[in-house]
Amino acid sequence: MTDKMELEQIKQAGQSSNTIAATPAIVDTLPSKEATAPSAAASTLSTEEASEAGDGKGKKNKKKKGKEASEPVKAVGYLELYRFATPKEYLYIAIAAIASIGTGVGQPLVALLMGDIMAAMGQGLASADDIIGYVVKFTIVGAGIFLASYLQMCFWTLSAENQVKRIREEYLHAILRQDIGWHDTGKQAESLTTRLNSDTQLIYDGMADKVGLVLSSFTTFIAGFVIGFVRGWKLSLVLLSCVPLIGACAALMTKFTVANASKGQDSYAGAGAVAEQAISAIRTIVAFGGQKRETESYVKQLDTAFLHGKKRAIATGSGVGAFMFILFATYGLTFWYGARQVFEGHMTGGQVINVFFGMIMGAFALGSIGPNAAAFASAQGAAYQIFKTIDRIPTIDSSNPGGAKPENVAGHIIVTDVDFHYPSRPDVPILKKMNIEVKPGQTVALVGHSGSGKSTIVGLVERFYDPISGSITLDGVELKDWNVTYLRDTVGIVSQEPVLFNASIRQNIAYGIRKDQAQPTDKEIEDACRLSNAHDFISKLPEKYNTLSERIVQAALDNAAAGRSTIVIAHRLSTIMNADVIYVMDKGVVIESGSHESLLAQGGTYADFVAKQQLKSGGVDVEAQPDIVAEVPVAQPAHIAIADEDVVAHQGTADHRKSFSLATKLRRMSSARSIPRSEKSLQKVDTTIAVPETAEEAENRREKERKAMIKAQKAPLGRVFNAMRPEWALIVFGAILSGGAGVIFPIFAKFFGQVMYVLNVVPRPDNFVSESNNNALMFVVIGIAALVTNGGAIVIFEYVGETMARRMRTLSFQSILSQEMGFFDKEENNTGALTSRLATDAYQMHELVSQIMKLAFQTIATVALGLGYAFSESWRLTLVILALIPLLAASQYFAIAALTGFSNKTKKAYEQSGRVANEAITNIRTVVTLAKESSFEDKYYKVTQEPHSFALRRAYIGSIGYALSQGIMFWTYAIGFYAGHRFVEAGMLTYQGLIQTLFYVVFMSMGLGQIASQLPRYIKGKESAINVYELLDKHTTIDAEKDGITPARVDGHMGLENVQFHYPTRLNQQIFNGVDVTVKPGQTVALVGPSGCGKSTIIALLERWYDVLDGKATIDKYDVRDLQLNNIRQHMALVGQEPVLFDISIGENIRYGIPDGQHVDQEMVVAAAKASNIHDFVVSLPQGYDTRVGDKGSQLSGGQKQRIAIARALIRNPKILLLDEATSALDSESEKLVQEALDRARTGRTTIIIAHRLRTIQDADLILVVKDGAIVESGRHYELISQGGLYSELCKKQNLEVTH
């Protein structure tokens, strides 16, 4: 994270101090951060692989990386980067190129001017008019450099910004138009978004200001060497002989620094992955007491990063120190040999200065080409995949305007002899000679085991894929012949895991309209939600339809009127009893088909499915009631609706069969083909997709308020310094070395001035040779001092910074894991925000210590000694030049800001547009299903307008600062020489004093400029320190480590007594108002009721994720607030509705259930796996229990994840078992087996079960029916059925018996 900051700082100073070529600040041969940091395109270690390496995936990944490293990096030709340039941009490029050459030619002119004016003044031959002539030349050259530098920076930036904006838009369009098969085959959303955000930034870097810097540097190199060899070829050759040493030093330092920085970044990526996984799964971690284990994993990664950080600090410090020594020794050699040439009459003092400045500037200009030109290679590599995607024409092209667009769609679908496999798995056949027919107006259901091919049918009808063989027709027309967008507009779909976009509920519903429809009215939206059973739920939310839907589970189905062709996929067979045709599928073929009644009569596979889902009626005739169908005109033409998998799993009291006989009202509102003729006039309004950036605006507002609050606070420097108490001795030593590094500049200026004087003064002094030798030797001494002080200070402060970062990261992570759940419910504390703060806050505090503190000590020494020297030589000239100090310091700041700020600030400005693109790419299936590609492209275009305008303003205005930094030094010399000459003429100053005073002040201003350039880092460091201490000072209201009652045994008696509760983030939505619940030891209690009624809240209060507002939650009659929390949670186990698995092996995931310090062996793991019906699957895998499950269990199906989660709970051998929809993701067969395992596991334990599938809880000792935060019914299954209340109604809606 802190890689090569010192190198970057020195390099930037060198780029800005272009005219003081003799100073140690010019070290452009050092590697820049851009040149050494691995890019997303060119690096052999991608972000994902870095994360995997950090997580320790082992030899497999190492082999993979090694293989990739040997493969050549693919890249486009450099000129191909400009393929999207317009004639206007080519004009910009031409102007910028000419200006860059002009800047490059102008820079070495200082070598001629400096040598000539010093020679003239030293020989006493310069009159006032001569000096004025030189001053005018300095002024004119400075003005020319100013203009050329402005045009260079401005027009390269304008050209690149316009082109890259166009590339981003073309790339997003290309991504959204690609077929789903392309997205399946390794084009992960993360990598696509990274390319859109980061790789386009690399292209920008390869086309913007760095092109100008390379051109001007190359021109400076040519001009500088020409001046050098023309004025003194022997001295030029001597100087040239030192270049290989400098290059070798820089190369070695780069090698070791980059190697350790890269390894450190890998470890930090691993730590970030651990943190992200832990925070996103905080409820699971807290429930299983895993905070200590997660902290140990996190610290382990940090320790590895710290080790590499120490090595990097040593490499950086040693390299910079050695570089400084070689540089000063080169100066010494130059002036020693130059003095000999002057003494022997081969050269004049002015020529020595010409050669010195010309060759040094040329050499460093050549050195700077490499780091800047590295951006070209990165840009070419990044452009390869981006341009390849832009040029790819997909086989299923949603942007192709061609294809059939019939006026009337009947909805007759025929699937004939279809074979199919997914592009990503060509060796796994999915459908085999599949034949299915959906007649107009029919409701057809598809049932079968997971993986039987049901959802594949949906993908083919939506034309996500094309069949390998066979045909699919809609109204007699091959799907391949339909217009893709028109087809998807005709077909509505609700998936098993529906996606809502980051906008309000109202805006999400509006996404369902067709392109030819007007924006829906509020009444139309509410009517749609009433038909989908969502209106009541939405109305209870604080902001109702304006509630941001980012975290809301969509519990509503699309509503389509009767008469539309409907395909239904469901595990819950009660939802498809009334379907016209039911197809039973297995392994890609149809094995049965018919109506519900006819299939039951066959007694085959479907009948077995029904039997496994049968509810016990206990002698009570549970008769299915007639459907309540919305009144929809029968004459409406057919529309096609598809409901995929368990979309009704959480409908609660909603009539499931009604939901499926009404399928797309919400999805499409009213389609153009189904609106009564009298209403069609409404559609003449222009279509507008109004999706305000509500979420982003809220986030930006909170961020601005937070920054304003932080800005008003003082930096907690005292606390930061106190936190480094163990390193105080090192800091004192580092401060001494930094001070020593600071005095290097003024001492160098002193001897540099003496050399200039001795070489040029006439008559030549008697001790010319000895004086020259002494001065040359002093440069070597200064080099040794720079080696020790600069190198030592860097090593010490980098080490202290690494220590501080590790300490703060650890403390912050521990603090986050100790917080109550209400903390994580707040939007500002989402997983991404907390993970980002862990990384950035500690890093910026590292910079506050390693960079700001070191530079502060160094600058204080530089300013103090520099001013002391300057005033002692000539207080008059010092005051004159001091008047220019603000401009000199500003020039340093502007140079660094311009060279580093353009891309960074533009990149930050584009973050919001990145979120828009990421949402579209991540949810590509939903986007193409809704046929909303163009809507997201328009949205992306709009959100990029502001950052684009910002970037253009930066080009126009920011370039002034860069130009000022390039020209101001010429003007400073002009004023300094003019004033100095006047003082010399007046007898107030000697010629030697003039030169030394001038360089004292100039070098001091450079130090001030460097510290000024660090102000943004200081501000960031201050903000980060405030953030960290704010987090550390936040004492959780629910402390799992706090002392409390530790019962000798736990019986499992639980309850709620007169509980009042609402969630901390929803103060106006009361969940419980005086609720009482009693669960006896060993009893199994089931909670049923509609979504949002408060079932899961009961478990949350018993786990003490939250505290009640009034009343109490009890375990064994103790108030849970009085119990030692970690201890009581060891007796509880939770299986959640959406089980969270960690990116470790299956065996380790199961062992996670064992409390810290308890023994666990493989036999216990296997026993738990067998009990949860997962053992056979695990041992069938090549690596068995050592198989990694992937991020969040991504390598497993939902049912497999659920069973591993159950095994994790069972191995805990808990006294209290909490099951929140523990079998919701299982098909009928697996559910039956797991349910038997859970029934056995409940023996001797107190169990609370939440379930929507009522047959899983019909044997419970007590069933509590929850509605609107109250217990409305209680009793056993038969008792509640006989009461004929809410529970009875729920049973009727789920019963599969056919009454005659």
Side-chain angles (χ1 to χ4, degrees), residues 13 17 19-20 22-25 114 117-118 121-122 126 131 135 138 328 331 735-736 738-761 771 774-775 778-779 781-782 785-786 789 855-893 968-1013:
S17 309
T19 59
I20 313 177
T23 72
M114 190 72 76
I117 194 171
M118 284 187 176
M121 293 180 72
I131 294 300
V135 167
F138 269 114
F328 281 116
Y331 294 164
I736 294 171
S738 295
V743 303
I744 294 293
F745 283 84
I747 293 174
F748 170 80
K750 177 180 177 64
F751 288 98
F752 186 74
Q754 288 180 8
V755 167
M756 295 296 102
Y757 172 76
V758 170
L759 287 175
N760 290 285
V761 69
E771 186 70 17
N774 288 337
N775 287 331
M778 283 308 301
F779 283 114
V781 174
I782 291 172
T789 57
L855 196 56
F857 290 130
Q858 185 173 322
T859 304
I860 291 171
T862 299
V863 171
L865 190 59
L867 279 179
Y869 274 158
F871 275 105
S872 67
E873 286 289 345
S874 173
W875 62 269
R876 295 178 181 87
L877 183 57
T878 300
L879 289 177
V880 170
I881 304 177
L882 278 179
L884 297 172
I885 280 288
L887 284 177
L888 287 168
S891 73
Q892 293 288 300
Y893 173 78
I968 195 172
M969 200 62 70
F970 287 87
W971 303 329
T972 303
Y973 283 137
I975 293 172
F977 279 121
Y978 177 75
H981 182 71
R982 295 294 298 269
F983 290 140
V984 170
E985 280 188 330
M988 300 176 183
L989 182 64
T990 65
Y991 165 60
Q992 182 178 4
L994 183 158
I995 296 175
Q996 289 187 326
T997 303
L998 185 62
F999 284 113
Y1000 287 150
V1001 179
V1002 168
F1003 291 163
M1004 183 192 69
S1005 72
M1006 288 175 53
L1008 288 175
Q1010 286 187 5
I1011 196 69
S1013 71

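The structure presented is a predicted model; accordingly, all values stated were derived computationally and were not measured.
To the nearest 0.5 angstrom, Arg982 atom CZ is 11.5 Å from Ile131 atom CD1. Taken to the nearest 0.5 Å, the CE atom of Met756 stands 4.0 Å off from the CZ atom of Phe752. Here OG1 of Thr997 is found 10.5 Å from CZ of Phe871. Values are rounded to the nearest 0.5 Å. Here the CD1 atom belonging to Ile995 is positioned 13.5 Å from the NZ atom belonging to Lys750, to the nearest 0.5 angstrom. Expressed to the nearest 0.5 Å, how far CE of Met778 lies from CD of Gln754 amounts to 9.0 Å. Trp875 CH2 to Leu867 CG: the interatomic distance, rounded to the nearest 0.5 Å, is 15.0 Å.
Counting heavy atoms from C-beta on, the side chains of Ile881 and Leu998 come closer than 4.5 Å. When side chains are defined from C-beta on, Phe138 does not count as touching Trp971, because their heavy atoms never get closer than 4.5 Å.
Shown here for Ala979 and Leu877, the closest heavy-atom pair between the two residues is CB-CD1, 4.0 Å. Nearest approach of Gly993 to Thr990, heavy atoms of both residues: N-OG1, 2.9 Å. Heavy atoms only, all atoms of each residue included: Ala861 and Gly739 are closest at CB-O, 3.2 Å. Here the closest non-hydrogen pair linking Gly866 and Pro746 is N-CG, 3.7 Å. Scanning both residues, Ala785 and Ile744, for their nearest heavy atoms gives CB-CD1, 3.7 Å. Ala749 approaches Tyr1000 most closely through the heavy-atom pair CB-CD2, 3.5 Å.
Residues meeting the side-chain hydrogen bond (donor to acceptor under 3.5 Å, both in side chains) test with Arg876, sequence neighbours left out: none. When the ring pair (Phe, Tyr, Trp, His ring centres under 6.0 Å) test is applied to Phe779, the partners found at least two apart in sequence or on another chain are Phe335, Phe748.
In summary, of the residues considered (Leu994, Leu879, Val880, Leu989), a side-chain contact (heavy atoms from CB on, under 4.5 Å) with Ser874 occurs for Leu989 alone.
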- For Thr878 and Val1001, run side-chain contact (heavy atoms from CB on, under 4.5 Å): C-alpha distance rounded to whole Å, both residues' side-chain angles, the deciding distance at 0.1 Å, then the answer. CA-CA 7 Å; Thr878 300; Val1001 179; 4.3 Å; yes
- Query: Between Tyr869 and Gln996, does a side-chain contact (heavy atoms from CB on, under 4.5 Å) hold up when you go through it step by step?
  - Reply: CA-CA 9 Å; Tyr869 274 158; Gln996 289 187 326; over 6 Å; no
